[in-house]
Each structure stands twice: as structure tokens, then as C-alpha cells.
**Q** 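Sharing a structure, written as C-alpha cells. Questions coming.
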Amino acid sequence: MEWKAAEPELFRLPTLELAQALIGMALVKETQEGTAAGWIVETEAYCGPEDRAAHSFGGRRTARTEVMFGEPGHAYAHVMHTHCLLNIVSADAGCPQGVLIRALEPCAGIELMEKRRAGAKKLTELASGPGKLSRALGISMEDYGRPLWMPPLYVAAGREPGEIAAGPRIGIENSGEARDYPWRFWERGNPHVSGRKSWNR
DNA sequence: AAGTGGATTGGCT
DNA sequence: GCCAATCCACTTG
């Protein structure tokens, strides 16, 4: 499989547009063990200071959120309980916004992904969640701050996306009015999206 | 220097 | 459905 890495300019898109533009594109991770990749089928937008659910809400600038204040297209990884979550920094420097990658449809290195995700029985469980896809691709805090238009971790040209659906984000019940913003995007009907099937219509 | 809680997952009831 | 696992950044003393 040959991958065509994205142009750095792609990530300058406004966050909500980037979150939708990424659906159907590929996320590729190269390691010594081999290369694993998947089509992006679910994302969430986190719109910086205005967004109560964002880590950068109110312009909070700390060691953790620092990379979001810089140039777009870099990786913002953070740890959640036992898992690592991957975000792509979006918009221009000074705008601390990002797009959380929530689910992938595996398309290369599937054997490697299955090995890393020992316990996942079905193909649709390999990367159907933000913590799962990090595990499947071997993404960790080592990747924090890396540019996402060149190896070892990058976004690449993908396939034609299906219809894109939008709905409220997941796991942010304590985020006030931001709780209901329809800033989660996914490919309608794709079985590799996270969570239950109820909302995937 | 210690306590708190979270953009999750998977296993058990 | 509910709950424990288990790490680290951030807050507070």
C-alpha cells in the first residue's frame, strides 16, 4: 500500500471543517513492527477557549495543552485513565483547537493491529474508539507534538467518504451548554464507529 | 508534596 | 447497566 501524505495546509481549515474533511482520509503509523493504518470514520471537534468541553477552554495554557497553541497539524496526545487519545491540532497558531480521532476502519497492517489488540474478536472492535485505535496503531505519548504530514505518524489521502452524520459529543456531560453541540461527525452506517449502534443511523 | 478526577474500556451482573 | 483499572496533569497546601 502506497500512502500519499496530507499537505500541512490541510490542517489550517477551521476546526469544524477539518473534523468533517478528515472523514474518509487515512491515518498511518509506521513502527519497527510494521505499518498499520485505517480510514478515519469518526471525529470530534474541540473548539478552544469558547468550548467548555475543550481542555483549552478559557485559554488555559499548560504543559499538557501547549501544543494546541502552536502550528496546526501536530499531534495532541493525552492520557485518559489507562488509554491514550489522539487529537490533531487545527486552525492557526494561537487558536488552541483540535480534532479528536474517535474511530478507524482498519485498512492495512490488520494482523499487527489484531496482535496489539489481543482480545478484540471482531474486525469492527479493532479501532472503534479513541483508546482502541491508539492501541491498535501503537500511538502513545511518544507521539505528542509530532507533525502529522510525515512518517512515522501521518494523515494520508483516503477513499471517497460516505454520507457524514453529526451529533453531540461523547463523555462530556459535565461541560455545561457545550454538552449538546453537534460537533461529533461520523460516516453514517459504518460499523467501525465507536459505541452502540443506536445513534449510527 | 499530596489529593483529585478525567474527551475510556472491558468484564461482570 | 455498573464498576474497577490505573496514569498523569492540574490544583491546592
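Below, chain A is the first sequence line, B the second, and so on; all start at residue 1. Not measured: the values here are computed from a predicted model.
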**Q** Want to settle it: does Thr65(A) or His83(A) sit nearer the 5' end of DNA chain C, counting the closest nucleotide to each?
**A** His83(A)
**Q** If you pin Thr82(A) and Ala63(A) to their nearest nucleotides in DNA chain C, which one's is more 5'?
**A** Thr82(A)
**Q** Out of dG10(B), dT6(C), dT9(B), which has the shortest distance to the side chain of Pro130(A)?
**A** dT9(B)
**Q** What does Leu100(A) touch in the nucleic acid at a heavy-atom separation under 4.0 angstrom: a base, only the sugar-phosphate, or nothing?
**A** base
**Q** Rounded to the Å, how far apart are Arg184(A) CZ and dA7(B) C1'?
**A** 12 Å
**Q** Report the distance from atom CD of Glu125(A) to atom C1' of dG10(B), rounded to the nearest whole Å.
**A** 10 Å
**Q** Whole angstroms only, please: what is the CG-C1' distance between Asn174(A) and dG6(B)?
**A** 9 Å
**Q** Rounded to the nearest angstrom, tell me the gap between atom CD1 in Ile172(A) and atom C1' in dT8(B).
**A** 14 Å
**Q** Report yes if the side chains of Tyr46(A) and Ile172(A) come closer than 4.5 Å at any heavy-atom pair, otherwise no.
**A** yes
**Q** Nearest whole angstrom, please: distance from the P of dG6(B) to the CZ of Arg64(A).
**A** 11 Å
**Q** Can you check the distance between dG1(C) and dA7(B), where both ends of the measurement are the P atom (answer in whole Å)?
**A** 22 Å
**Q** Which base sits across from dA7(B) as a Watson-Crick or G-U pair, both distances under 3.5 Å?
**A** none
**Q** Check the phosphate of dG10(B) against Arg135(A), side-chain N and O only, distance under 4.0 Å to OP1 or OP2. Yes or no?
**A** no
**Q** Please report, rounded to the nearest Å, how far the C1' atom of dT8(B) is from the CZ atom of Arg102(A).
**A** 9 Å
**Q** Return each pair, listed once, that meets side chain to side chain donor-acceptor pair (under 3.5 Å) where at least one residue sits in residues 165-177 of chain A; pairs must be two or more places apart or across chains.
**A** Asp51(A)-Arg169(A)
**Q** Can a salt bridge be assigned to the pair Glu71(A) and Arg12(A) using a cut-off of 4.0 Å between side-chain N and carboxylate O?
**A** yes
**Q** Could you give the CZ-to-P distance, from Phe57(A) to dA9(C), as a whole number of Å?
**A** 22 Å
**Q** Report the relative orientation of the aromatic rings in Trp39(A) and Trp3(A); use parallel for angles under 30°, tilted for 30 to 60°, perpendicular for over 60°.
**A** perpendicular
**Q** Please say yes or no: joined through hydrophobic side-chain contacts below 4.5 Å, possibly via intermediate residues, are Ile23(A) and Leu13(A) part of one cluster?
**A** no
**Q** Once you round it to whole Å, what is the distance between C1' of dT8(B) and CG of Leu126(A)?
**A** 17 Å
**Q** Which of the following nucleotides, dA5(C), dT9(B), dA7(B), is nearest to the side chain of His81(A)?
**A** dA5(C)
**Q** So does His55(A) reach the base of dA7(B) with its side chain, donor to acceptor, closer than 3.5 Å?
**A** yes
**Q** Which of the following nucleotides, dA5(C), dC7(C), dT9(B), is nearest to the side chain of Val79(A)?
**A** dC7(C)
**Q** Is there side-chain contact between Ile170(A) and Ser194(A), with at least one heavy-atom pair below 4.5 Å?
**A** yes
**Q** Could you please name the partner base of dT6(C), counting Watson-Crick and G-U wobble pairs only when both distances are under 3.5 Å?
**A** none
**Q** When we call it a touch if two heavy atoms are under 4.0 Å apart, what does Arg60(A) touch: a base, just sugar-phosphate, or nothing?
**A** sugar-phosphate
**Q** Quick check: on DNA chain B, is the nucleotide nearest Leu86(A) upstream (toward 5') of the one nearest Gly119(A), or the reverse? Name the residue that is more 5'.
**A** Leu86(A)
**Q** Answer with base, sugar-phosphate or nothing: what part of the nucleic acid does Arg179(A) contact at a heavy-atom distance below 4.0 Å?
**A** nothing
